[in-house]
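Every chain is numbered from 1 and lettered A, B, ... according to where its sequence line falls, protein lines coming before strand lines.
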There are 2 protein chains.
Amino acid sequence: MAQNSGQGITIYDVAKKANVSISTVSRVFNNSPLVSSKTRKKVQKVIDEMGFVPSSIARSLVSASSKTIGLIVSDITNPFFADTIDGIESVLHSEGFSVFLCDTRYNREREANYINQMLEKRVDGIIIFSADISGIELLTGIKNELPIVSIQSAFKEVDCVNTTDEEGAYEAVDFLIKSGHRKIAFLVYDYDNSTITNRMKGYLRAHDDEGIPVNDDYIIKMKFNPNAGYYMAKELLESHPEVTAIFAYNDMIAIGAYMAIYQKGLKIPDDISVVGYDDIEMASIISPGITTVSQPFYEMGRTAAELLLKRIKEEDRSIPQTILLPTRLTVRGSTRTLTP
Amino acid sequence: MAQNSGQGITIYDVAKKANVSISTVSRVFNNSPLVSSKTRKKVQKVIDEMGFVPSSIARSLVSASSKTIGLIVSDITNPFFADTIDGIESVLHSEGFSVFLCDTRYNREREANYINQMLEKRVDGIIIFSADISGIELLTGIKNELPIVSIQSAFKEVDCVNTTDEEGAYEAVDFLIKSGHRKIAFLVYDYDNSTITNRMKGYLRAHDDEGIPVNDDYIIKMKFNPNAGYYMAKELLESHPEVTAIFAYNDMIAIGAYMAIYQKGLKIPDDISVVGYDDIEMASIISPGITTVSQPFYEMGRTAAELLLKRIKEEDRSIPQTILLPTRLTVRGSTRTLTP
DNA sequence: CTCTTTTTTGAAAGCACTTTCATAAAAATA
DNA sequence: TATTTTTATGAAAGTGCTTTCAAAAAAGAG
């Protein structure tokens with residue numbers, strides 16, 4: 001028989017051809033030890049010949065587990081997203097789970113709709129990445145029924161995997177201060193979430209600890225857009241050319257700042273130092289490499305998936321926990337020591 | 001009763017509570033006209049009260065259709081990907097289909113694994129976006145069983161949705177030539193697929209038609225990496241400073257070129273003109289805006305989804321067709337007319 | 001107020017599997 | 001060789017729904 005997609009071929013067809021019962025066929029592709037090796041070989045041969053692929057739909061129905069988890073993100077094209085999903089999948093896959101991926105594009109209607117789809121698909125759990133409040137609100141109603149893990153947002157209602165945002169920002173700004181910088185700008189999205197709040201705290205505390213006053217004019221905010229960094233840096237360079245260093249909320253902003261700085265004819269780090277956050281791939285590729293706070297994206301994914309799996313398997317519904325993963329300052333060519 | 005996730009509640013529970021048969025419950029949430037409005041109201045009330053969500057698993061099993069299509073992409077973080085998936089979903093969603101999204105990250109093992117998952121999940125069809133050969137090879141074996149549509153790659157075995165790559169490149173380069181440019185570089189990935197081949201053809205033919213000899217040194221190739229544009233432009237500016245215009249294979253490369261040009265202290269378009277391809281969001285945001293070949297990404301998604309749905313519904317297994325979508329040159333600030 | 005016709009409802013079979021429980025076959029023991 | 005124990009196999013029930021078909025209820029016709 002020619003190999004085909006296996007669509008339409010059932011366990012009955014295989015059983016009939018192999019001259020065994022469907023129970024035996026089921027046991028074969030489930031690797032049950034309750035089959036003699038002789039029978040196993042015979043059945044496997046028929047399975048291969050017919051190109052039989054067991055229907056996960058039927059399997060899910062009887063096992064009452066879809067072996068699928070839902071993954072909700074607000075923007076798939078986020079550069080670090082891929083690493084995190086890699087981490088999530090590496091864990092899930094080894095346990096035979098697959099991922100139903102949903103990109104809400106910051107759209108509430110889509111989000112609600114996706115969550116409904118997940119419910120219908122009977123996902124075994126949900127991971128939400130960089131959720132804003134609405135996501136959690138929507139999910140809160142179903143919380144006690146379905147394990148949920150949130151990455152990079154602090155909600156006490158569900159398990160969270162976060163990084164040490166305040167410390168990361170503190171370390172970055174402290175590094176600049178210790179390098180002699182005193183006029184340090186902070187370029188950040190004009191948005192309200194725990195990540196932004198925490199990095200802001202780090203920026204302020206670093207100044208505080210070193211006894212350096214913060215100039216509010218150096219904190220530039222702009223609503224999220226893909227080139228916000230460019231605009232914020234442009235504004236800053238025009239209004240406050242005395243600034244010697246920029247701390248960007250993330251690497252995308254830092255890259256935007258590069259553009260503005262170069263366009264103005266200035267050099268990095270000679271004229272101005274730049275520090276980013278995230279350590280996306282581009283940060284090491286670009287020239288000069290961005291000094292940045294490295295986040296363990298892959299690890300975040302792994303940790304979230306492991307946490308979720310634990311909840312799913314152990315039916316553990318105890319109080320939500322938060323896991324904090326450390327960041328690390330990676331120094332590259334975009335910063336220099338200021339000798340007065 | 002408190003609202004909950006609906007997990008665990010079955011059609012039987014609803015039927016019992018509403019004092020009707022399960023057939024009636026089924027009819028209610030399937031919007032069948034075979035229910036009196038009185039009964040419908042009564043049942044719907046119970047459904048809402050109990051928070052019942054019908055299991056798509058059970059529904060798929062009996063309807064022999066998962067109402068799901070698989071979407072295979074090689075890199076989720078591709079900026080234009082989001083628009084295309086938007087287009088795909090806009091069509092699919094209105095027909096009640098959902099999308100099982102797979103990012104192969106250019107990894108064959110993952111790809112094979114995902115395809116197997118799709119087979120198990122009994123997807124009703126597959127859309128592959130920017131596939132390389134291996135994808136098609138893997139799918140060819142199952143082709144006659146499962147509708148497949150490929151976006152942005154030419155394969156005669158399956159339905160394709162492509163854009164006029166050669167014409168797009170031709171138009172872009174012709175525009176530069178007509179603007180007085182003679183020394184036009186082409187920055188492109190060192191990779192072999194139909195898109196690259198076609199844009200190269202357009203670049204060459206534009207020169208040909210205008211009687212301008214092509215200088216092979218102006219064609220810079222580099223293996224794919226996120227900042228290839230920067231490196232290629234840097235190399236070009238050093239070895240061939242006489243070049244007056246750059247035609248970039250895509251906008252990401254163009255943006256990389258911007259960086260190299262700025263870093264060198266040159267101005268766009270005063271010292272050098274830049275043309276991109278794709279018209280990603282960043283192209284209009286960046287300064288100066290990139291003159292680029294706009295691709296109808298949303299339309300590509302819509303078209304592919306419609307084609308697939310047609311195949312699925314009509315059981316139409318006639319010979320594969322290719323749909324060509326037009327591109328359009330969008331002129332922005334990155335190019336200027338050269339007056340000799 | 002009957003008898004048809006139409007509308008609404010429910011019983012039951014089926015979808016492709018897993019799993020339990022009973023039984024048959026094989027192996028081990030007496 | 002007979003008996004017990006172990007291992008391998010199959011029959012059947014169950015998973016949550018859809019859909020067909022028959023029956024009951026309602027509506028319309030005479």
Side-chain angles (χ1 to χ4, degrees), chain A residues 5-44 46-47 50-68 96 117 119-124 145, chain B residues 5-44 46-47 50-68 96 117 119-124 145:
Chain A
S5 77
Q7 316 275 339
I9 299 173
T10 73
I11 203 173
Y12 287 93
D13 303 321
V14 177
K16 199 169 168 189
K17 194 155 176 208
N19 212 29
V20 294
S21 72
I22 58 161
S23 321
T24 301
V25 178
S26 171
R27 287 185 189 110
V28 168
F29 64 76
N30 279 294
N31 285 316
S32 158
L34 296 145
V35 208
S36 69
S37 61
K38 207 177 92 197
T39 313
R40 159 160 285 124
K41 230 168 269 170
K42 180 175 69 176
V43 174
Q44 188 61 54
V46 176
I47 288 178
M50 303 184 87
F52 167 72
V53 179
S55 159
S56 75
I57 293 172
R59 304 180 79 179
S60 297
L61 183 61
V62 31
S63 66
S65 152
S66 61
K67 284 276 187 179
T68 301
Q117 275 187 26
L119 254 30
E120 286 184 347
K121 281 184 187 306
R122 298 292 193 263
V123 296
D124 298 322
E145 305 280 329
Chain B
S5 78
Q7 317 274 338
I9 299 174
T10 74
I11 202 174
Y12 287 94
D13 303 323
V14 177
K16 198 168 165 189
K17 194 155 175 206
N19 213 28
V20 295
S21 73
I22 58 162
S23 322
T24 302
V25 178
S26 171
R27 287 185 187 108
V28 168
F29 64 77
N30 279 293
N31 283 317
S32 159
L34 298 147
V35 209
S36 70
S37 62
K38 206 178 96 198
T39 314
R40 159 161 284 123
K41 230 168 269 170
K42 179 176 68 176
V43 173
Q44 189 61 56
V46 175
I47 287 178
M50 303 183 88
F52 167 72
V53 179
S55 160
S56 75
I57 293 172
R59 304 180 80 178
S60 297
L61 184 60
V62 29
S63 65
S65 153
S66 60
K67 284 278 189 176
T68 301
Q117 274 188 26
L119 255 30
E120 287 184 346
K121 282 185 187 304
R122 297 293 192 263
V123 296
D124 297 321
E145 305 278 331

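The side chain of Arg59(A) contributes no N or O atom lying less than 4.0 Å from OP1 or OP2 of dC17(C). OP1 and OP2 of dT18(C) both lie 4.0 Å or more from every side-chain N or O belonging to Ser63(A). OP1 and OP2 of dA11(D) both lie 4.0 Å or more from every side-chain N or O belonging to Ser21(A).
No donor-acceptor pair under 3.5 Å is formed between the side chain of Arg40(A) and the backbone N or O of Pro33(A). The backbone N or O of Lys67(A) lies less than 3.5 Å from a partner atom in the side chain of Asp124(A), making a donor-acceptor pair. Using modelled atom types, one side-chain atom of Ser56(B) and one backbone atom of Glu120(A) make a donor-acceptor pair closer than 3.5 Å.
Judged by atom type and distance alone, Arg122(A) does not reach the base of dG16(D) through any side-chain donor-acceptor pair under 3.5 Å. The base of dT20(D) sits with one of its N or O atoms less than 3.5 Å from a complementary donor or acceptor on the side chain of Arg27(B). In the interface, the side chain of Ser23(B) is paired with the base of dA11(C) through a donor and an acceptor atom under 3.5 Å apart.
Nearest-nucleotide mapping onto DNA chain C: of Ala64(B) and Arg40(B), the residue sitting toward the 5' end is Arg40(B). Residue whose closest nucleotide on DNA chain C sits further toward the 5' end, between Pro33(B) and Tyr12(A): Pro33(B).
If you take CG of Leu34(B) and P of dA26(D), they are 17 Å apart, rounded to a whole angstrom. Rounded to whole Å, atom C1' of dT9(D) lies 12 Å from atom CD1 of Ile22(A). Atom CD of Glu120(A) and atom P of dG16(D) are 16 Å apart (whole Å). Computed from coordinates, the Lys67(B) NZ to dC17(D) C1' distance equals 15 Å when rounded to whole Å. As rounded to whole Å, 18 Å separates atom P of dG16(D) from atom NZ of Lys121(A). Rounded to whole Å, atom C1' of dG10(C) lies 13 Å from atom NZ of Lys42(B). Note: CG (Leu61(B)) to C1' (dT19(D)) measures 14 Å, nearest angstrom. With rounding to whole Å, Ile11(A) atom CD1 is found 13 Å from dA11(D) atom P.
The side chain of Thr10(B) lies closest to dG16(D) when the candidates are dG10(C), dA16(C), dG16(D). Side-chain atoms of Ser36(A) lie closest to dA8(D) of the nucleotides dT18(D), dT9(C), dA8(D). Among the nucleotides dC17(D), dC17(C), dG10(C), the one closest to any side-chain atom of Thr24(B) is dG10(C). Ranking dA16(C), dT8(C), dA11(C) by closeness to the Ser55(A) side chain, first place goes to dA16(C).
With hydrogens and angles left out, the side-chain atoms of Thr68(A) and Lys121(B) include a donor and acceptor closer than 3.5 Å. A donor-acceptor contact under 3.5 angstrom links the side chains of Ser36(B) and Thr39(B), judged on distance only.
Among the heavy atoms of the strands lying under 4.0 Å from Thr39(A) are primed sugar atoms or P, OP1, OP2 only; no base atom is included. Heavy atoms of Val25(B) sit nowhere under 4.0 angstrom from any nucleic acid atom. Ile57(A) comes within 4.0 angstrom of nothing in the nucleic acid, heavy atoms only.
Among Val14(B), Val28(B), Val25(B), the one residue that satisfies the side-chain contact (heavy atoms from CB on, under 4.5 Å) test with Val46(B) is Val14(B).
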